[in-house]
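To keep things clear, I will list the structure first and then write my remarks on it.
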There are 2 protein chains.
Amino acid sequence: MPHGKKSPTIYDVAELAGVSISTISRVLNSPDKVNVKTRKRVMEAIDRLGFVPRAEARAHALQSANRIGVLTPFFTAPSFVQRFRGVASALSKENYELVIYPVDSVDHLQGYISSIPLMRTIDGLIIMSLSLGDQDAQRLSNNGMETVLIEYSHPKLNSILIDDEYGGQMAAEHLISKGHTLLAFLGDIEPPEKYAIHPVKSRLQGFKRALREAGIPLSEPYIRSVPYSQEETKKAAHELLTLPTPPSAIFVASDIQALSVMKVARQLNIRVPQDLAIIGFDDIDVAEHVDLTTIRQHLDESGRLAAEILLARINEPSRPLQHINLPLNLIERLTT
Amino acid sequence: MPHGKKSPTIYDVAELAGVSISTISRVLNSPDKVNVKTRKRVMEAIDRLGFVPRAEARAHALQSANRIGVLTPFFTAPSFVQRFRGVASALSKENYELVIYPVDSVDHLQGYISSIPLMRTIDGLIIMSLSLGDQDAQRLSNNGMETVLIEYSHPKLNSILIDDEYGGQMAAEHLISKGHTLLAFLGDIEPPEKYAIHPVKSRLQGFKRALREAGIPLSEPYIRSVPYSQEETKKAAHELLTLPTPPSAIFVASDIQALSVMKVARQLNIRVPQDLAIIGFDDIDVAEHVDLTTIRQHLDESGRLAAEILLARINEPSRPLQHINLPLNLIERLTT
DNA sequence: TGCTAAACTGAAAGCGCTTTCATAAAAATA
DNA sequence: TATTTTTATGAAAGCGCTTTCAGTTTAGCA
């Protein structure tokens with residue numbers, strides 16, 4: 001229905017219906033407070049003009065935007081995407097918009113953190129896998145910006161964590177139970193970005209500890225710290241697998257890197273799992289496609305939970321903070 | 001810096017600096033229009049109070065939100081994610097927020113389309129892989145909502161397309177050049193959702209035509225239409241590969257499904273590419289990890305381009321509409 | 001020094017909606 | 001029928017910022 005000029009405002013509707021704007025606003029927001037006949041007349045006017053309230057105006061008056069934000073690095077990495085899926089699914093029931101703030105530098109992060117809570121452009125914030133200074137956390141909390149942290153925690157904010165160290169232990173125990181004695185580890189232990197978190201380090205610790213307790217050595221050459229880049233991962237995997245005495249099993253601290261390791265093994269004609277067992281971490285979607293054994297960390301669930309907690313707190317700010325610990329599961333497939 | 005009450009407004013700053021709010025607004029929006037000394041004083045007041053303009057108020061006054069929206073189905077499917085990546089990368093340079101509207105039903109789509117342009121909560125819209133009624137397209141256009149369509153087109157809106165039919169042809173030609181004569185096709189030809197588009201059908205057409213021209217038959221049992229679900233895809237793949245005379249090559253119309261086919265082949269101990277050649281479509285990230293031969297459709301690029309066109313039009317609405325056709329490339333890896 | 005042009009600044013209107021408060025009308029009660 | 005409640009509505013005050021317009025300074029120049 002092409003119509004020439006500007007879109008109608010609440011004033012136009014009021015005029016057409018012969019009532020005041022207050023009444024229009026009421027039929028929109030609390031219909032039961034207006035007389036049935038008037039309501040009907042107003043509805044007709046609304047339909048006739050195709051009126052839709054301008055969201056910004058509403059947000060301005062209401063001081064709330066029905067919008068929640070997600071602050072995240074690498075927002076297109078599979079594991080992050082799956083968390084998003086969880087967030088989106090929780091949000092789709094309610095009437096919230098989802099806005100994404102991709103973070104790819106400390107400045108970015110700082111900028112967002114310092115302005116977002118004051119701009120009030122969103123009602124709540126989910127921060128994924130980003131380390132947050134105490135100052136910043138305080139700021140969010142003080143400014144009343146409801147926030148939930150994933151993979152990080154702070155006493156003043158909600159958080160959802162997993163036990164990375166235990167995950168590493170699970171990987172070790174699984175490999176040990178399969179009879180392996182010469183193991184290796186590959187993962188991004190030290191992300192160069194200052195704003196990133198270090199869950200991988202914990203996974204390695206758990207892995208090491210379990211091995212130690214089982215009396216199985218894990219010497220330096222068998223521990224490789226590699227950034228997520230496919231190139232570097234493949235290079236490191238190659239070096240590891242062409243060692244004089246190559247490991248018989250590898251714990252790769254992220255599925256995405258495990259894929260690279262599998263690829264290198266294929267290139268080297270190393271059979272998986274006969275010659276080499278591989279266990280990943282995350283259980284991203286493709287893990288199943290390629291039959292990768294891995295530690296599942298319920299990514300979708302973490303996102304959904306984060307959104308739910310957020311909505312709950314937004315609607316009822318007096319609720320207590322929540323600090324949730326999500327379980328991990330070993331998903332055994334064909335690579336071990 | 002914990003501070004008790006509400007966050008400061010432009011009025012507070014004005015008072016502290018001893019000037020009018022107009023001046024505050026000016027130092028924020030057109031600093032050169034205000035005297036250096038005043039500006040300095042204002043900046044100090046701003047810093048002292050930690051003032052940040054409320055985004056909604058600004059948007060309300062400005063009638064523009066510096067925010068662009070993306071309407072998309074399956075927004076966590078790898079191919080969509082990669083397009084997002086492109087969009088985000090283009091947006092990160094400018095100061096635009098990215099809001100996502102996941103569509104999982106016709107109602108959803110209709111609701112968004114009819115209200116978004118009037119709510120004016122965003123300055124521009126990217127619609128991915130969704131078919132748009134003429135009415136709706138007109139509405140967007142008439143209401144002055146800048147829009148770019150991906151994988152669909154309408155004369156009144158910008159669009160970015162690929163030549164799916166040619167893609168199918170490329171796949172056929174590649175397989176033929178490898179000496180295959182008994183081919184098969186697997187893909188989601190008829191998406192059940194009314195709002196979805198049917199690029200896969202075109203891919204099949206191109207595939208068929210190329211085979212016909214080469215004098216190679218493709219009979220019904222070798223053409224399987226299957227929804228994206230992993231379960232169903234695997235089932236269909238299994239049937240195809242256990243046919244009395246199984247095909248020696250398959251064109252799978254999406255990489256994600258190709259992964260499933262690869263998995264089934266593995267389960268059946270069918271060697272790829274010796275016993276079975278597989279070629280996918282899309283070239284999603286994992287395709288490289290698993291060495292899948294495929295037709296690349298430049299997903300990242302399509303997203304980036306869409307965002308760039310959008311921004312260009314937003315800044316200069318008089319620019320002509322653009323209808324872009326993105327090229328396709330054969331990426332030969334190890335599955336053919 | 002006197003006059004005109006340029007540079008600054010403030011008052012006020014506007015952006016479109018929500019909501020409180022007071023009033024008028026209708027319903028309920030005496 | 002007169003009086004008290006209840007219900008329905010409108011007027012008007014915000015929400016916090018941008019921008020036009022006019023007025024005031026300051027600078028430029030003769």
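Basis for what follows: all heavy atoms, side chains included, without hydrogens, waters or symmetry-related copies. Fair warning: this is a prediction, and the values are worked out from it, not measured in the lab.
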_Residues that B/E94 engages under salt bridge (charged side-chain N to carboxylate O under 4.0 Å, His left out), provided they are two or more places apart_ = none
*Does B/S25 have any side-chain hydrogen bond (donor to acceptor under 3.5 Å, both in side chains) partners at least two apart in sequence or in another chain, and if so, which?*
B/N29
*Determine which pairs satisfy side-chain hydrogen bond (donor to acceptor under 3.5 Å, both in side chains) with at least one residue from residues 105-118 of chain A, sequence neighbours left out, and list them in order.*
A/D104-A/H108, A/Q110-A/D136
*Near DNA chain D, under 4.0 Å by heavy atom, which residues of residues 35-43 of chain B?*
none
*asked:* Suppose the criterion is salt bridge (Lys or Arg N to Asp or Glu O under 4.0 Å): which pairs have a residue in residues 16-35 of chain B, not counting sequence neighbours?
replied: none
_By the salt bridge (Lys or Arg N to Asp or Glu O under 4.0 Å) test, which pairs, at least two apart or in different chains, include something from residues 67-93 of chain B?_
A/E56-B/R67, B/R67-B/E97, B/R83-B/E151, B/R85-B/D285, B/R85-B/D300
_Need the bend value for the helix from C/dT1-D/dA30 to C/dA30-D/dT1: angle between end axes, 5 pairs each end, nearest 10°._
30°
*Is the closest basic N to carboxylate O distance between A/E44 and A/R48 below 4.0 Å?*
no
_Contact state string [nucleotides 13-22 of chain C, B base, S sugar-phosphate only, - no protein heavy atom under 4.0 Å]_ = -BBBBBBB--
*Any residue meeting side-chain hydrogen bond (donor to acceptor under 3.5 Å, both in side chains) with B/E301, in chain and number order, not counting sequence neighbours*: B/R304
*asked:* Going by side-chain hydrogen bond (donor to acceptor under 3.5 Å, both in side chains), name the pairs with one or both residues in residues 305-316 of chain A, residues two or more places apart or in two chains.
replied: A/E146-A/R313
_Under the ring pair (Phe, Tyr, Trp, His ring centres under 6.0 Å) test, residues paired with A/F84 that sit two or more places apart_ = none
_Residue pairs involving residues 9-22 of chain B (criterion salt bridge (Lys or Arg N to Asp or Glu O under 4.0 Å); sequence neighbours excluded)_ = none
